[in-house]
Amino acid sequence: MIQVTSKIVSNRRMTANCWRVVVDAPGISSSVKPGQFIHVKIGGESGPLFRRPFSVFRRIPLREGHFGIEIVYEVIGAGTGVMKGLRKGDTLDVIGPLGRGFELDRGKSVQVVVAGGTGAACLFLLSEEISKAGLPLKVLLGAETKASVLLKKEYAALKGEVMVSTDDGTYGFHGFVTQMLDQAFNEGKISTDCVIYSSGPEPMLKALASVCRANRIPAQVSVERHMMCGIGACLACVCKVDPNRISKKRDLESSHIQSVSDKDFGYALVCKDGPVFDIDEVIFDD
Amino acid sequence: MIKEIVDLSVDLGQLRLKNPVMPSSGTFGYGIEFADFLNLNDLGAIVVKGTTLHPRLGNFQRRFTEIAGSAEISTIGLQNVGVEKFIRDKLPLLQKFETPVIVNIAGESVEEFVTITDALMQADGIGGIEVNLACPNVQGGGLQFSADRDATFEVVKAVRSATHLPIIAKLCPTITDVSILAKVCEEAGADAICPIYAVMGMTIDIHTRRSKLGKNILASVGGPWMKPIALKLAWQAAQAVRIPIVGGGGITCAEDAIEFFIAGATAVQVGIYNFVNPQVMIKTVEGIKKYLIEHRMKNIGDLRGSMDLS
């Protein structure tokens, strides 16, 4: 991970409340893996106190052999409020790439990407990798309403099928993206011999966990938390985990997961042990 | 070249630091987390996370929130690996560096402070002990130790008897006057006083009427806003005792640190700004050097307590 001052290449509105910003951060774009994030100080000393974490949407060519990184953000607070006012040539102080990302599971017959809202950004690098690898891909995008569907065009350009749900039924399936997924399994549109990768609001991930349990499907989910340091020092971004269901793929030596004998849960650090977890590891009640 | 011109070294009891800048416990993890961003050998000391006798999981979500751009309120709840695992897993990683390691210890009783100190005394490579007197005195009714001068005295005295290592007494003087507490700590055998932890506060979401920190209500308030208050405490403590003062509270840059030296501090701790800019302490050291050169001072000691009161 590195800390760099990065110039903004473009910063554009996508929907009523979502924006996309491209920053020139070569040291990060060359090493970022799907599902990893960057931690950004917005607006210098006059901006908000802490950095804000954003998942990387994609690498984007700026000039010959030189890639920038693009992030998609929803304007929800002081940080993103300042961010939307920044222009080409303004700078951001960026730390990254950070965290444990997705790991491609090639053993299943279908790769299923389930995104809620801005979670669509977090899953794109992975979907590109799946598409390039020629693996069967289904992308399920959930949004509140037709106007807030994100990145449909970008996903449609990949080799795979894109399905859209809206909470109000103004576009595609009427209901939550997890309900669309459940129906697709029930109707045989998607084989349950699949692996799921997901990112979205926590209630959505919780609903996904029950769909996965019912169909015995492995899933990797990106968990979101407010963060202070982003590098494993402050212990603010904890996620409740089940100590008995920690993924065997984890290197326990370097893991920050902590549990104590008199409690039936442990805490993982989202910035280091995540943001991507196996869905079975996470306890969604915090 | 600059290194040869100015002397930044300071002494806390028998502990010599190559420069007066160190992190505040809890804002620098175990130090290793920052190794990608700075050379740990360039720090005066590394003060590690508050260490308890047994491992602690800490508090529920949510653990912090930002307030009005210059403050944070957080309640980690002393999540830490416990003294045994600290010595086994964390300390060896720090021993690769020459910078002294100061262990912040947090006990629930006088006896527990002593037990933790005894355990640390069995380990090699510890440069000093910082006694966290902002801990609740569980046996004494739950008030912070530093709310009470007798409890403060007892803890520092007991830790003093258990170790020859330099002791920093870290206070949270929101109830009892800092001058009184500093004197009590000096009398009990502390080598240095750090006069402030983040102070306790709370925050409410007016739409839900719940704490903005979920199930957590009381939490520590820190950040740049607290510097004037912290500076006053450093000043008062420096007036009260002969032993060194480790100032801190709201430091974001060299200029902030320099105010503390002028007020009488021997060393400074940088707090939550480590989370904002992981290189802040290195920049602070560089800025202090530059200031001394510009003001034709050869020694950081020339700056200490140099406030012009005329």
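Just so it is clear, the structure is predicted and the values come from calculations on it, not from any experiment. A note on names: the letters A, B, ... follow the listed sequences, proteins ahead of strands, and every chain is numbered from 1.
We find that Arg51(A) and Glu66(B) are not joined by a salt bridge, their nearest charged nitrogen and carboxylate oxygen being 4.0 Å or further apart.
Side chains of Asn80(B) and Gln258(A): no donor on one and acceptor on the other come within 3.5 Å.
With chain A as partner, the option from Tyr273(B), Tyr30(B), Phe37(B) having the largest number of non-hydrogen pairs under 4.5 angstrom is Phe37(B). Between chain A and the residues Lys85(B), Gln279(B), Lys49(B), the largest count of heavy-atom pairs under 4.5 Å involves Gln279(B). The most heavy-atom pairs under 4.5 Å with chain B, out of Met227(A), Lys272(A), Glu253(A), come from Met227(A). Counting heavy-atom pairs closer than 4.5 Å to chain B, the top-ranked of the candidates Gly232(A), Gly230(A), Ala233(A) is Ala233(A). When each of Gly26(B), Ser70(B), Pro278(B), Gly58(B) is checked for heavy-atom pairs under 4.5 Å with chain A, Pro278(B) comes out on top.
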Under the side chain to side chain contact (heavy atoms under 4.5 Å, CB included) rule, what do Phe60(B) and Val238(A) come out as? Steps first, then yes or no, please. CA-CA 8 Å; Phe60(B) 291 110; Val238(A) 289; over 6 Å; no

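For a residue to count as touching a neighbouring chain, one of its non-hydrogen atoms must lie under 4.5 Å from one of that chain's; by this rule Ile2(A) touches chain B with the backbone only. Using a 4.5 Å cut-off between heavy atoms, Ser261(A) makes no contact with chain B at all. Heavy atoms of Ala78(A) lying under 4.5 Å from chain B are absent altogether. Within the 4.5 angstrom heavy-atom criterion, only backbone atoms of Asn59(B) (N, CA, C, O) approach chain A. Neither the backbone nor the side chain of Ile67(B) has a heavy atom closer than 4.5 Å to any heavy atom of chain A. Heavy atoms of Ala68(B) lying under 4.5 Å from chain A are absent altogether. Arg56(B) touches chain A through its backbone: at least one of N, CA, C or O sits under 4.5 Å from a heavy atom, while the side chain does not. Interface remark: Lys263(A) contributes side-chain atoms only to the contact with chain B (heavy atom separation under 4.5 Å).
Ring-plane geometry between Phe275(B) and Phe50(A) is classed as tilted, the angle between the planes lying from 30 to 60 degrees on a 0 to 90 degree scale.
Between the CD1 atom in Ile76(B) and the CE atom in Met228(A) there is a gap of 4.5 Å [rounded to 0.5 Å]. In this structure, Cys229(A) SG and Phe28(B) CZ are separated by 11.0 Å, a value rounded to the nearest 0.5 Å. Interatomic distance, Leu57(B) CG to Asp262(A) CG, rounded to the nearest 0.5 Å: 8.0 Å. Between the CD1 atom in Ile95(A) and the CG atom in Asp36(B) there is a gap of 10.0 Å [rounded to 0.5 Å]. The CD1 atom of Ile231(A) sits 7.0 Å away from atom CD of Glu33(B), with the distance rounded to the nearest 0.5 Å.
Within the 4.5 Å cutoff, side-chain heavy atoms of Leu49(A) are placed close to those of Pro224(B). The shortest distance between side-chain heavy atoms of His54(B) and Val260(A) does not fall below 4.5 Å. Inter-residue side-chain proximity for Lys41(A) and Asn277(B) is flagged as unmet; no heavy-atom pair is nearer than 4.5 Å.
The backbone N or O of Cys237(A) lies less than 3.5 Å from no partner atom in the side chain of Arg63(B), so there is not a single donor-acceptor pair. When atom types are taken as modelled, the side chain of Gln61(B) and the backbone of Cys239(A) share no donor-acceptor pair closer than 3.5 angstrom.
Residue-environment remark: CZ (Arg88(B)) exceeds the threshold of 12 foreign heavy atoms within 6.0 Å. The environment of CD in Glu84(B) is sparse: at most 12 heavy-atom neighbours from other residues, nucleotides or ligands sit within 6.0 Å. More than 12 heavy atoms of other residues, nucleotides or ligands shown are found within 6.0 angstrom of NE2 on His256(A). With a 6.0 Å radius and a threshold of 12 heavy atoms from other residues, nucleotides or ligands, Gln95(B) has its CD atom above the threshold. Within a 6.0 Å radius of CD1 in Ile217(B), other residues, nucleotides and ligands contribute 12 heavy atoms or fewer. Few gaps surround CD on Glu259(B); more than 12 heavy atoms of other groups in view lie less than 6.0 Å from it.
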